[in-house]
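Heads up: the structure comes next, in structure tokens.
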Amino acid sequence: MPVDHDVLVSGAGIGGLTLALSLHAAGIRAAVVEAADLAPPLGTGVSLPPSAVAELTALGLGETLAHHAVAPAVLSHYDRHGGHLWSEPRGLGLGHPVPQYSIRRAVLQDLLLQAVRTRLGTDAVRTSTAVVRFHQSESDGVRVALRGGGRVRTETALALIGADGLRSAVRAGLHPGETPPRWSGVWWWRGLVPWQPVLGGRTVMVAGGGGVRLHVHPVSYPYDDGAQPPPAYGNGPGAPYAGYPYESLPRRGQALLHWTASVRIDPEGLPGGAGAADWNRRGRLAEVLPHYAGWRIGDLDVPALLAATPRIQGGPLVGRAPLTRWGQGRVSLIGDAAHPLLPAAPDGTGLAVLDAAVLARCLARTTPDRAAGMRLYESHRAARVAALDAMAPPPCDTLLDLVAARAPDGFAQVGDVLTADELNRWTAAHRALEAAAEAW
């Protein structure tokens with residue numbers, strides 16, 4: 001039976017676009033549909049661990065990433081009073097063959113989108129086109145109803161992949177009746193702000209305690225006085241920073257810093273519950289600032305950083321319980337559609353990139369049997385992702401809360417609040433979590 005697509009990917013986020021590039025590199029035809037119009041995501045930064053960077057480098061994007069991203073040199077943990085707890089190198093400093101990168105999400109998505117359209121064709125990604133439902137059979141492949149342009153039409157594919165995020169339409173079709181995402185008990189805010197380099201300029205900083213946490217890292221290098229801004233700072237039509245207030249772009253000597261702030265809240269304190277999660281919901285400075293009054297971490301004035309942020313986003317942090325199976329037949333899931341993680345856990349961006357790389361390899365290995373490729377992919381990835389508890393607080397929260405309980409007013413030396421054995425156990429747990437997130 002003639003089909004419209006070999007592999008149809010629902011979702012043009014980072015996972016879906018990486019999958020399209022990976023399939024193309026494996027000699028498999030792919031097409032991508034996206035329900036939104038691909039307006040750049042605002043105010044967010046993401047981290048790419050070395051395993052994900054290696055995959056994107058293999059796709060020919062290494063030089064582009066190096067130009068647009070920051071390679072952090074160190075990860076450092078502090079209590080809420082600025083007391084230093086622990087630091088560790090990142091990327092090359094840990095012996096990896098490629099760096100770890102921090103980059104603005106909109107920039108990464110735009111780089112991937114341009115690569116897909118260059119290699120697969122300008123029509124390889126259709127926006128404002130949503131999966132409505134699908135049906136699969138042994139003889140006819142997968143029949144997918146797509147809504148776009150005010151009408152619904154049916155197209156056929158040998159395989160369908162849901163890369164469509166937390167509220168995946170493909171996941172809903174595979175797992176009808178699944179309960180909605182549930183609130184974790186954490187409210188979070190995030191923002192992107194031009195700021196002078198802090199903590200050496202290449203530090204990923206995590207600080208907090210007592211249910212309050214702050215994560216700050218640069219997503220650009222400083223704009224040098226003697227240099228022209230690189231293309232990533234463009235603000236014209238189609239540029240990665242299009243739609244971001246021009247006056248909020250970095251000026252000379254400034255970089256773009258991304259921050260996320262999270263606070264555990266008693267659910268009973270929110271009558272009616274937290275409401276639906278919306279990653280683009282506007283937050284207010286008055287909501288977040290009181291939790292960080294007086295915070296200073298090294299040379300970082302936290303209240304000033306928050307107050308300078310031109311656009312704050314905030315809302316309830318939600319997650320899903322793990323699935324017993326991801327897909328069925330010729331249909332499966334990647335990224336947040338398969339295994340959404342709380343942002344406090346390892347960055348889901350890296351997991352989505354690895355999902356895409358493994359799935360492309362598995363489909364290439366089992367061609368032409370697309371269903372066999374799906375099962376091989378899930379046998380590799382599901383067990384590894386299962387090692388990451390989707391709703392559990394990460395080890396850093398446990399450490400920060402312990403220190404806050406023992407030294408609510410701060411400490412002079414880390415040995416005053418933690419024994420060497422306690423710190424060693426925590427660092428081992430942290431490294432195990434990172435290793436699980438990077439496992440194939």
Side-chain angles (χ1 to χ4, degrees), residues 1-13 15-17 19-20 22-24 26 28-36 116 120 123-181 320-340 352 355-356 358-360 362-382:
M1 180 198 76
V3 295
D4 298 302
H5 312 286
D6 187 338
V7 178
L8 181 63
V9 180
S10 175
L17 294 172
L19 177 59
S22 299
L23 290 169
H24 177 263
I28 297 173
R29 292 184 301 112
V32 182
V33 293
E34 166 57 48
V116 169
L120 280 69
D123 60 348
V125 179
R126 281 182 289 163
T127 60
S128 302
T129 303
V131 171
V132 178
R133 59 187 173 274
F134 58 88
H135 173 76
Q136 58 180 317
S137 68
E138 288 291 332
S139 57
D140 296 336
V142 187
R143 296 175 61 82
V144 186
L146 299 170
R147 180 183 288 113
R151 64 191 183 97
V152 175
R153 59 172 292 175
T154 298
E155 299 180 8
T156 57
L158 295 180
L160 171 66
I161 308 299
D164 43 353
L166 182 70
R167 290 184 172 80
S168 165
V170 179
R171 177 170 174 147
L174 286 166
H175 304 278
E178 184 183 19
T179 57
R320 287 188 184 273
L323 293 170
T324 56
R325 61 176 175 84
W326 290 354
Q328 183 177 7
R330 303 168 186 234
V331 183
S332 195
L333 307 167
I334 69 169
D336 282 349
H339 47 73
D355 286 348
V358 173
L359 178 53
C362 290
L363 290 176
R365 185 180 303 174
T366 57
T367 296
D369 190 340
R370 295 293 179 239
M374 299 292 198
R375 302 293 76 76
L376 181 61
Y377 153 70
E378 290 185 21
S379 71
H380 277 286
R381 291 298 294 158

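A 4.5 Å side-chain heavy-atom check between Leu8 and Val142 finds every atom pair outside the cut-off. Counting heavy atoms from C-beta outward, Met374 and Ile161 have side chains that approach closer than 4.5 Å. Two residues are said to be in side-chain contact when any heavy atoms from C-beta on lie closer than 4.5 Å; Val125 and Leu17 meet this criterion. In this structure, the side chains of Arg320 and Ser168 stay at 4.5 Å or more apart for every pair of heavy atoms. Using a 4.5 Å heavy-atom threshold, the side chains of Tyr377 and Asp355 count as touching.
Closest heavy-atom contact between Val32 and Gly11: CG1-O, 3.6 Å. When all heavy atoms of Ala124 and Val116 are compared, the pair lying nearest together is CB-CG1, 4.1 Å. Residue His5 comes nearest to Arg126 through the heavy atom pair NE2-NH2, 3.7 Å, listed as atom of the first residue, atom of the second, then distance. Looking at every heavy atom in both residues, Ala356 comes nearest to Gly15 through CB-O, 3.9 Å. For the pair Ser10 and Val170, the tightest heavy-atom approach, listed with the atom from each and the gap, is CB-CG2, 3.9 Å. Across all their heavy atoms, Glu378 and Ser332 have their closest contact at OE2-OG, 2.7 Å.
Judged purely by atom type and a 3.5 angstrom limit, Asp6 has no side-chain atom pairing as donor or acceptor with the backbone of Ala30. Between the side chain of Thr156 and the backbone N or O of Asp4 there is at least one donor-acceptor pair closer than 3.5 Å. Between the Arg370 side chain and the Arg330 main chain, no donor and acceptor come within less than 3.5 Å of each other.
Under the side chain to side chain contact (heavy atoms under 4.5 Å, CB included) test applied with Ile28, the options Leu19, Leu158, Leu23 reduce to a single match, Leu23. The one candidate from Thr127, Leu146, Asp164 that meets the side chain to side chain contact (heavy atoms under 4.5 Å, CB included) condition with Val33 is Leu146.
The 12-atom threshold is exceeded at CZ of Arg375, counting heavy atoms of other residues, nucleotides or ligands nearer than 6.0 Å.
One distance of note links CG of Asp369 with CG of Leu376; it measures 10.5 Å at 0.5 Å rounding. Atom-to-atom distance recorded for Arg133:CZ and Arg147:CZ is 8.0 Å, nearest 0.5 angstrom. His175 NE2 to Thr324 OG1: the interatomic distance, rounded to the nearest 0.5 Å, is 7.0 Å.
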